[in-house]
Structure formats: C-alpha cells, structure tokens
Novice: 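Next up is a structure, given as structure tokens.
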Amino acid sequence: QVQLVETGGGKVQAGSSLRLSCAASGRSFRDYGVAWFRQAPRMAREFVASISPSGYNADYLDSRKGRFTISRDNAKNTAYLAMNNLDSEDSAVYFCAATNAYSASRREWSYDYWGQGTQVTVSS
C-alpha cells in the first residue's frame, strides 16, 4: 500500500511556473513508477507525465514536452512535476498516481494508487 499526497498547486498568472510535489508513504517508493494526471472541469482525466522507479525514464504528454519536467527523489519518497510557462489550458486538478508494475502506460487503470489532487488555476 502506498499513500500519496500532492502539494504545490495554486493560482498563478499565465507564463508563471509551479512545481508540484507528490509525497509517498508506505511501502518502498523506489519500487513504484509514478505518473501525473490532470482533470479540468467537465473533461476526462488526462495523462501528463510519468517516470520510472529509477527515475531514468520519463514520458510526457506531447503538447507539454519541453515545458513540464517530471522528476523524483527516492531518498525523500517524493516525485515532482515542474511546470513552466503555464497557460489557461493547464488549469486543472493535478493527481499523482503510482504502480509497482510500471510500463510507461498513459492509462489511468495502469496505476493502482492515487492522491487526492491539487488544484492549479492559471489566469490570463
């Protein structure tokens, strides 16, 4: 069992940056792949980025590649999503998710553990 808690969301202006954190507790975090998803009002949950247990491999939503960076610190049991040059399309609740069977999947059902989410609101 892994418990995940996201922090770092907030209200920012377009062009700003934010870094989200996903703190994990429970079983060994280093065995779990982590992904970030987001969900805007009245929209389906959308894959944003994922990272392998070692941190060596990452995958991104194509439209955010180069602006978003996923990383992790296994010593701190924490994963991060750094987001630069935010725009209104990035407004959503951001969720982190984890699985001990990481396959770089972009599908929600590939991840077994989820946090409660953190709100990001970008104003133009």
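This chain uses plain numbering: 1 for the first residue, then up along the sequence. Hydrogens, waters and symmetry mates play no part in the numbers below; they use all other heavy atoms, side chains included.
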Novice: Between side-chain atoms of residues 12-22 and protein atoms elsewhere (two or more places apart, or another chain), which donor-acceptor pairs fall under 3.5 Å?
Specialist:
from, atom 1, to, atom 2, distance (Å)
Ser16, OG, Gln13, O, 2.8
Ser17, OG, Asn84, OD1, 2.9

Novice: Supply the atom-to-atom distance Ser88 OG to Asp90 CG, rounded to the nearest 0.5 angstrom.
Specialist: 8.0 Å

Novice: Report the distance from atom OG of Ser28 to atom OH of Tyr32, rounding to the nearest 0.5 Å.
Specialist: 8.0 Å

Novice: Could you state whether Val2 and Val34 fall into the same hydrophobic cluster, counting links through intermediate Ile, Leu, Val, Met, Phe, Trp or Tyr residues with side-chain heavy atoms under 4.5 angstrom apart?
Specialist: no

Novice: Which atom pair, heavy atoms only, marks the closest approach of Tyr102 to Ser50?
Specialist: OH-OG, 2.8 Å

Novice: Please check this pair: side chain of Arg67 against backbone of Asn85, looking for a donor-acceptor N/O pair closer than 3.5 Å.
Specialist: yes

Novice: To the nearest 0.5 Å, how far apart are CD1 in Ile51 and OG in Ser71?
Specialist: 6.0 Å

Novice: What pair of heavy atoms forms the shortest contact from Ser110 to Ser105, and how long is it?
Specialist: OG-OG, 2.7 Å

Novice: Apply side-chain contact (heavy atoms from CB on, under 4.5 Å) to residues Asn57 and Asp59 and explain how you reach the verdict.
Specialist: CA-CA 7 Å; Asn57 297 299; Asp59 183 33; over 6 Å; no

Novice: Looking only at non-hydrogen atoms, find the nearest pair between Pro53 and Gly33 and report the distance.
Specialist: CG-N, 3.7 Å

Novice: Quick one: sort the Trp114 and Phe37 rings into parallel, tilted or perpendicular, breaks at 30° and 60°.
Specialist: tilted

Novice: Can you tell me how far the OH atom of Tyr80 sits from the OG1 atom of Thr7, to the nearest 0.5 Å?
Specialist: 9.0 Å

Novice: To the nearest 0.5 angstrom, please state how far the OG atom of Ser123 sits from the CG atom of Leu86.
Specialist: 10.5 Å

Novice: Donor-acceptor check, side chain of Glu46 to backbone of Gln39, threshold 3.5 angstrom: yes or no?
Specialist: no

Novice: According to side-chain contact (heavy atoms from CB on, under 4.5 Å), who are the partners of Asn74, at least two apart in sequence or on a separate chain?
Specialist: Phe29, Arg30, Arg72

Novice: For the hydrophobic clusters of this structure (ILVMFWY residues joined by side-chain heavy atoms under 4.5 Å, transitively), does one cluster hold both Met83 and Tyr60?
Specialist: yes

Novice: Check whether NZ of the Lys or CZ of the Arg Arg38 lies under 6.0 Å from the centre of the six-membered ring of Phe95 and within 45 degrees of that ring's axis.
Specialist: no

Novice: Considering all heavy atoms of both residues, which atom of Gly117 and which atom of Val93 are nearest to each other, and what is their separation?
Specialist: CA-CG1, 3.8 Å

Novice: Using 4.0 Å as the upper bound for N to carboxylate O, is an ion pair formed by Glu89 and Arg64?
Specialist: yes

Novice: Can you tell me if Thr118 uses its side chain to pair, donor with acceptor, with the backbone of Gly9 under 3.5 Å?
Specialist: yes

Novice: Give, for atom CG of Leu4 and atom OG of Ser25, the distance between the pair rounded to the nearest 0.5 Å.
Specialist: 7.5 Å

Novice: When you check the gap from the basic side-chain N to the acidic O, do Asp62 and Arg106 get nearer than 4.0 Å?
Specialist: yes

Novice: Any sub-3.5 Å donor-acceptor pair from Tyr111's side-chain atoms to Trp36's backbone N or O?
Specialist: no

Novice: Sequence neighbours left out, what passes side-chain hydrogen bond (donor to acceptor under 3.5 Å, both in side chains) with Thr99? Give chain and number order.
Specialist: Asp112

Novice: Is atom NZ of Lys76 surrounded by more than 12 heavy atoms (other residues, nucleotides or ligands) closer than 6.0 Å?
Specialist: no

